[in-house]
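Just so you know, residue 1 is the first one in the sequence shown, and it goes up from there.
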Amino acid sequence: MFNKNIKLVLAALTLIWSIYEFSQGHIGNGIAILFLTAIFTLFYFKNEFILLAFLQLRTQNFEGAKKWLAYIKNPETALTTKQQGYYNYLHGIMLSQTSITQAEKYLKKAIKLGLSMDHDLAMAKLQLAGIAMTKRRKREATTLMNEAKKLDKHGMLKDQIQMLKQQMKKI
């Protein structure tokens, strides 16, 4: 994995190389090198290991997702702020299966750093609401659940929110 600044330098160098190829009349080479530039630029904004971890989570393969996230050695220097948010978000989701205290720490940090998608932010807040309810903090759980409900514009988490409300009535 390359540092985020190295990715930008590589993108700039390949862009210059592509311009050189165009100026020499090698149009095919220039276009192919532009695709390479696009790949470096894409990986600056979307980290490749986070993307691979998301793919593993889609199949419920938590071990595979942990393996891909383990390749990111120092997230503060290697990732942009939003990528750090998703890094912590993924760790929080995976740890919610085993250690809710650590999962709460990661999810709060992810919300603080920011997540670009509203449904991801809603899912993080809903996870935190479940953790707060488990720890008998009903007021905090209610607040987080209402925030998650506002962020869930497409109704993807409607069933989970209703289930959490039913469980909250028992407390």
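In this structure, L69 and H91 have side chains that are in contact, with non-hydrogen atoms separated by less than 4.5 Å. Annotation: side chain of Q83 is in contact with side chain of I50 (closest heavy-atom distance under 4.5 Å). M94 has its side chain out of reach of Q102: every pair of non-hydrogen atoms, C-beta onward, lies at least 4.5 Å apart. Here the side chains of I131 and T101 are not in contact, with every heavy-atom distance at 4.5 Å or above. The shortest distance between side-chain heavy atoms of N47 and K7 falls below 4.5 Å. Within the 4.5 Å cutoff, side-chain heavy atoms of F40 are placed close to those of T14. Contact of the Y86 side chain with the S116 side chain is registered, since non-hydrogen atoms from C-beta on lie closer than 4.5 Å.
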_Under the criterion side-chain contact (heavy atoms from CB on, under 4.5 Å), I'd like the reasoning laid out for L164 against M133: C-alpha separation, chi angles, the key distance, then a yes or no._
CA-CA 9 Å; L164 199 59; M133 190 182 74; 3.6 Å; yes
*Show your reasoning for whether side-chain contact (heavy atoms from CB on, under 4.5 Å) applies to H119 and L157.*
CA-CA 8 Å; H119 62 272; L157 300 173; 5.7 Å; no
_If you apply the rule side-chain contact (heavy atoms from CB on, under 4.5 Å), what do you find for L34 with L15, and how did you get there?_
CA-CA 6 Å; L34 271 179; L15 180 64; 3.9 Å; yes
*Stepwise, does the side-chain contact (heavy atoms from CB on, under 4.5 Å) test hold for L126 with L144?*
CA-CA 7 Å; L126 192 61; L144 286 166; over 6 Å; no
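The salt bridge (charged side-chain N to carboxylate O under 4.0 Å, His left out) pairs that include a residue from residues 110-128 are D118-K153, K125-E147, where partners are two or more places apart or lie in different chains. Applying the salt bridge (charged side-chain N to carboxylate O under 4.0 Å, His left out) test to pairs two or more places apart or on separate chains, those with a residue in residues 127-138 are E104-K135, E104-R137, R137-E140. Applying the salt bridge (charged side-chain N to carboxylate O under 4.0 Å, His left out) test to every pair with at least one member in residues 62-71, sequence neighbours left out, gives no pairs at all.
The hydrophobic cluster containing L55 also contains M123, counting ILVMFWY residues as joined when their side-chain heavy atoms lie under 4.5 angstrom apart, directly or transitively. L79 is connected to F49 through a chain of hydrophobic side-chain contacts under 4.5 Å among Ile, Leu, Val, Met, Phe, Trp and Tyr, so both are in one cluster. No continuous path of ILVMFWY side-chain contacts below 4.5 Å connects I72 to Y44, so the two sit in separate hydrophobic clusters. When hydrophobic clusters are built by joining Ile, Leu, Val, Met, Phe, Trp and Tyr residues whose side-chain heavy atoms come closer than 4.5 Å, directly or via intermediates, L42 is not grouped with F45. Using a 4.5 Å cut-off between side-chain heavy atoms of Ile, Leu, Val, Met, Phe, Trp and Tyr, with links allowed through other members, L52 and L90 fall into the same hydrophobic cluster.
Listed by chain and residue number, nothing satisfies the side-chain hydrogen bond (donor to acceptor under 3.5 Å, both in side chains) test with T41 (two or more places apart in sequence, or in another chain). Legend: residues meeting side-chain hydrogen bond (donor to acceptor under 3.5 Å, both in side chains) with N88, ordered by chain and number and at least two apart, are absent. For S18, there are no side-chain hydrogen bond (donor to acceptor under 3.5 Å, both in side chains) partners at least two apart in sequence or on another chain.
Taking OG1 of T37 as the reference point, atom CD1 of I19 lies at 8.5 Å (rounded to 0.5 Å). Summarising the geometry, atom CD belonging to Q84 is positioned 12.0 Å from atom CG belonging to L115; distances are rounded to the nearest 0.5 Å.
Under the 3.5 Å distance criterion, the side-chain polar atoms of N146 are matched with a main-chain donor or acceptor of T142. Side chain of S99 to main chain of L95: no donor-acceptor pair is present (N/O by atom type, distance under 3.5 Å, no hydrogens or angles). Judged by distance alone, the side chain of Q127 and the main-chain N or O of A103 form no donor-acceptor pair under 3.5 Å.
Between A122 and D152, the closest heavy-atom pair is CB-N, 4.2 Å. Listed here is the closest heavy atom pair of G85 and A110: O-CB, 3.2 Å.
The side-chain contact (heavy atoms from CB on, under 4.5 Å) with F22 is formed by just one residue from the set I31, N29, I33; it is I31.
Ring geometry, F54 versus Y89: the interplanar angle falls from 30° to 60°, so the pair is classed tilted. Ring pair W68/Y71 is tilted by interplanar angle, where 30° to 60° counts as tilted.
For K82, the NZ atom sits in a packed shell: over 12 heavy atoms of surrounding residues, nucleotides or ligands are nearer than 6.0 Å.
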